[in-house]
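Everything below concerns the one structure shown next.
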Amino acid sequence: MAIAIISDIHGNLTALEAVLHHIKERKIDKIFCLGDLIGKGPSGLEVVHKIRETCDMVLQGNWDDFITKPIDSEEIEWHQKQLEGEAMDYLQSLPFHYDFYMSGKYIRLYHASAKSVYHRIIPMKATTKEKNEMFEISEWIKPLEQERKPDVIGFGDIHAALIEPIQPQRTLFNCGSVGNSLDIPQATFAIMHGNYQSKQEGPFSIEIVRIPYDIEREIHQAEIMGMPNVAAYALELREGRYRGAPTK
């Protein structure tokens with residue numbers, strides 16, 4: 001079985017549709033979403049509807065949480081107005097994590113880290129201790145096995161894909177971002193291959209997939225909808241450069 005792991009769509013319907021088309025072409029069995037459906041891009045409501053239609057499991061991201069709260073920001077208020085009441089209720093209802101077995105491996109998925117949807121770990125800069133803490137439990141996590149740590153942790157949040165072995169015999173992977181990739185400016189997601197919900201050891205692998213899509217069409221859509229701060233959005237999509245990064 002193959003499971004697509006997508007995350008951080010951020011209202012980018014153009015990128016999401018390109019990824020879903022690829023997933024359908026490859027006849028992938030299930031789609032799991034690790035959150036941040038909305039924000040940054042113009043089509044938050046359409047993305048929420050599409051995710052609800054196509055995904056077998058959806059987790060909550062930090063944007064999905066704070067978008068439901070009062071925030072004094074013209075940009076955030078614009079995104080809030082794009083979402084109807086039911087969509088807001090849906091975002092508030094999303095779970096923190098999902099644990100399951102695949103080919104004998106105990107796998108845990110969440111948005112950012114074990115500690116919170118707001119607690120960011122960047123493995124490229126993190127210490128060994130911080131990486132190992134990704135495998136621990138917290139008040140937000142109800143493990144399938146109390147005494148067993150996951151063999152595999154999958155997360156989103158940082159918008160940069162990676163697969164990294166963590167000793168002893170564990171794997172940390174980030175599925176990248178569908179709609180706001182900040183490493184390679186293409187829609188990015190992961191696919192897990194193995195026997196879903198099986199505790200018996202078997203073949204298992206993770207791959208990272210990059211999908212080119214019409215970035216200029218997406219930027220034009222943001223412009224015609226009157227979305228605030230389109231220039232920052234365009235910079236991120238075209239160059240994969242975070243709008244909050246320090247400039248020289």
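Values below: every heavy atom of this structure, side chains too, minus hydrogens, waters and symmetry copies.
Linking ILVMFWY residues whenever their side-chain heavy atoms come closer than 4.5 Å, directly or via other members, leaves Y106 and Y110 in distinct clusters.
Looking only at side-chain heavy atoms (C-beta outward), Q200 and N195 stay at 4.5 Å or farther from each other. Residues Q186 and I211 fail the side-chain proximity criterion, which asks for heavy atoms closer than 4.5 Å. With contacts defined as side-chain heavy-atom distances shorter than 4.5 Å, the pair I208/I163 qualifies.
Of the possible polar contacts, none joining the D64 side chain to the L91 backbone as a donor-acceptor pair under 3.5 Å is found. N174 places a side-chain N or O within donor-acceptor distance of the main-chain N or O of G156, the cut-off being under 3.5 Å.
Annotation: the span from I5 atom CD1 to L109 atom CG amounts to 5.0 Å, rounded to 0.5 Å. The CE atom of M102 sits 6.5 Å away from the CZ atom of F204 when rounded to the nearest 0.5 Å.
Heavy atoms of other residues, nucleotides or ligands lying less than 6.0 angstrom from CD of E86 number 12 at most. The environment of E74 atom CD is sparse: at most 12 non-hydrogen atoms of other residues, nucleotides or ligands sit within 6.0 angstrom.
Here the two rings, on H159 and H10, have centers that are under 6.0 Å apart. The aromatic ring centres of F100 and F32 sit less than 6.0 Å apart.
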Take K115 and E136 through the test salt bridge (Lys or Arg N to Asp or Glu O under 4.0 Å) and record every step on the way to the result.
CA-CA 9 Å; K115 295 181 178 180; E136 302 292 342; over 6 Å; no

side-chain contact (heavy atoms from CB on, under 4.5 Å) between Y233 and R238: does it pass, once the steps are laid out?
CA-CA 9 Å; Y233 185 53; R238 288 174 178 146; over 6 Å; no

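Between R210 and D183, at least one side-chain N (NZ, or NE/NH1/NH2) sits under 4.0 Å from a carboxylate O, which counts as a salt bridge. With salt bridges taken as basic N to acidic carboxylate O contacts below 4.0 Å, one links D99 and R108.
A cation-pi arrangement is present between K199 and Y101 under the rule of less than 6.0 angstrom and at most 45 degrees off the ring axis.
Between F66 and W63, the ring planes are tilted. Angles from 30° to 60° get that label.
Side chains of Q60 and H111: a donor-acceptor N/O pair is absent below 3.5 angstrom, by distance only.
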